[in-house]
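Since the structure comes first, as structure tokens, the remarks are kept for the end.
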Amino acid sequence: MALEKTWRWFGPNDKITLDMLVQMGVEGVVTALHHLPIGVVWTKEEIMKLKNEIESHGLRWSVVESLPVSEDIKICGPNREQHIANYKESLKNLGECGIDTVCYNFMPVLDWCRTSLTYKHNGGGEGLYFDYYTFVAFDVFMLERPNAKADYDAETLQKAEAIFKSLSKEDVDKLVYNIIVVTQGFVNGVIDGSVKDPKGLFLEYISKYKNITKEQYRANMKAFIDDVVPTCEQYNVNLCVHPDDPPFPVLGMPRIVGCADDLRWLRQANPSLRNGITYCTGSLSGRPDNDLVAIAEEFADAIHFVHLRNTQFIGFKSFYESGHLKGSLDMPGIVNALLKEQHRRIAEGRKDIRMPFRPDHGIRILTDLDNDIYNAGYPLCGRMRGLSEISGLMAGIEYNMK
């Protein structure tokens, strides 16, 4: 056995085709109904249309990433009850169509964020980079979030202001656009490139969280989980939350899925195994105090989906994405822990033994650098390299296990 090899595919408009996935040895597809607005019901007709397309190429629709949780659900807004009802109906339809794993996140407004999409690697490759002080400069001096300065100490503000003053207007405009639009628009973000005033709308969404504490946000998330898990139980769907990226609060908003303590809270909030985890090494590694091997071992039974990539720390809350094997993480130890869990499940007789993984993000290399046809963080060659590296690592560990 080995973890199921999957690939995030952005649907029929993705320049990376299903035939290409077959050629790469991919077994399962990770995708979503990206054309549908957040909060609506995913009908069986729409689900089966995409599922049949995937299966016509000999592949499996392994994971839904993601069935988005609306902002109204997150903040308990006026449309919450209708959106919850729609979410449960979508889960039911997915389960009845034979799709058993659904990834989601509970990050407020902003999904993953980076301060550079073109960090230079040796040999000319390009990757994603998060510099904490540059992000503070974005928050305080570019976005000009009300009362943002109160969230930072004097030294941090001084460093952020120095960075801001060193940037040209063109640099500032590019950074703002990348953070608010480029990294969000293709993954069901609240703002895409069609918005005339993305900065203004972004601030409007952030303002809705100004009175929501970490404790209140946890209560909102527990209410969501308690509402939808019975449907997951009934229709055999594993729900798995994606960790926050980066795994600490940003822009004055609470983030509550960033470390082992948060995951313990999640599992205690509703102990059903349907209330599971997307084990994303890239997201969790944004905190150096997160022991990724220990987290994999502690929460192994509730891991339904795996994202594997590596990260290199380069300063306080700052890191760049360093590929898949090389970096600050013990990737052999992580994969070893996951394969042990897979063997345990087989011995126990569990049905969810596939444990799908995908190579998460990737460095732009080779022909990736010739064009901008791929979504930020999702190049072809860089991810294919990661898929090959992780596949080889799994084969070696499996051989030694025998």
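What's counted below: heavy atoms across the whole structure, side chains too, no hydrogens, waters or symmetry copies.
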Could [X] and [Y] be called an ion pair, given the rule that one side-chain N must be under 4.0 Å from one carboxylate O?
| X | Y | result |
| --- | --- | --- |
| E65 | R358 | yes |
| K88 | D227 | no |
| D151 | R145 | yes |
| R385 | D368 | no |
| R218 | D262 | yes |
| E170 | K174 | no |
| R364 | D372 | yes |
| R344 | E341 | yes |
| D261 | R287 | no |
| E398 | K402 | no |
| K120 | E126 | yes |
| K74 | E71 | yes |

Has [X] got a side-chain atom pairing as donor or acceptor with [Y]'s backbone, closer than 3.5 angstrom?
| X | Y | answer |
| --- | --- | --- |
| K5 | I390 | no |
| N336 | P332 | no |
| N290 | L292 | no |
| T278 | F305 | no |
| H57 | M20 | no |
| N105 | H242 | no |
| E27 | R60 | no |

If you count every heavy atom of other residues, nucleotides or ligands that lies below 6.0 Å from [X] atom [atom1], does the total exceed 12?
| X | atom1 | value |
| --- | --- | --- |
| E45 | CD | no |
| K340 | NZ | no |
| Q158 | CD | no |

*Show your reasoning for whether side chain to side chain contact (heavy atoms under 4.5 Å, CB included) applies to D100 and N236.*
CA-CA 6 Å; D100 62 7; N236 300 311; 5.8 Å; no
Is it the case that [X] and [Y] place a side-chain donor and acceptor less than 3.5 Å from each other?
| X | Y | value |
| --- | --- | --- |
| S90 | N93 | no |
| T156 | D153 | yes |
| T115 | T134 | no |

*salt bridge (Lys or Arg N to Asp or Glu O under 4.0 Å) between E161 and K165, intermediate numbers included*: CA-CA 6 Å; E161 186 171 14; K165 289 180 177 178; 3.5 Å; yes
Contact check, side chains of [X] and [Y], non-hydrogen atoms, under 4.5 Å:
| X | Y | value |
| --- | --- | --- |
| N178 | R114 | no |
| L251 | V109 | no |
| M331 | E389 | no |
| D244 | F248 | no |
| I47 | W61 | yes |
| I163 | D131 | yes |
| V250 | K317 | no |
| S322 | N310 | yes |

*asked:* Parallel, tilted or perpendicular: which one describes the rings of Y209 and Y217, with boundaries at 30° and 60°?
replied: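 Y209 vs Y217 ring planes: perpendicular.
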_Please verify the inter-ring angle class for Y132 with F316; under 30° counts as parallel, over 60° as perpendicular, anything in between as tilted._
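Y132 and F316: perpendicular rings.
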*Determine, stepwise, if the pair Y378 / D14 fulfils side chain to side chain donor-acceptor pair (under 3.5 Å).*
CA-CA 11 Å; Y378 290 90; D14 196 330; over 6 Å; no
_Determine whether E321 and I363 satisfy the following criterion, side chain to side chain contact (heavy atoms under 4.5 Å, CB included), listing intermediate values before the conclusion._
CA-CA 8 Å; E321 298 183 6; I363 302 170; over 6 Å; no
Please tell me whether [X] and [Y] form a close aromatic pair, meaning their ring centres lie under 6.0 Å apart.
| X | Y | result |
| --- | --- | --- |
| F357 | H307 | no |
| F130 | F319 | yes |
| H121 | Y320 | yes |
| Y104 | F224 | yes |
| F135 | F138 | yes |

*side chain to side chain contact (heavy atoms under 4.5 Å, CB included) between W9 and I54, worked out*: CA-CA 10 Å; W9 181 64; I54 291 168; 4.2 Å; yes
Heavy-atom pair of closest approach, residues [X] and [Y]:
| X | Y | answer |
| --- | --- | --- |
| R309 | T281 | O-OG1, 2.7 Å |
| L266 | V241 | CD2-CG1, 3.6 Å |
| R350 | D352 | NH2-OD2, 2.7 Å |

*Apply side chain to side chain contact (heavy atoms under 4.5 Å, CB included) to V257 and M221, showing your working.*
CA-CA 10 Å; V257 190; M221 185 174 182; 4.0 Å; yes
*Evaluate the criterion side chain to side chain donor-acceptor pair (under 3.5 Å) for residue pair N220 and Q216; output intermediate values, then yes/no.*
CA-CA 6 Å; N220 293 358; Q216 181 59 57; 2.8 Å; yes
_Intermediate values then yes/no, side chain to side chain donor-acceptor pair (under 3.5 Å), N270 and N275_ = CA-CA 7 Å; N270 187 311; N275 174 34; 4.9 Å; no
*Apply the side-chain contact (heavy atoms from CB on, under 4.5 Å) test between R274 and each candidate in N238, L91, L239; give the one that qualifies.*
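The single option meeting the side-chain contact (heavy atoms from CB on, under 4.5 Å) with R274 is N238.
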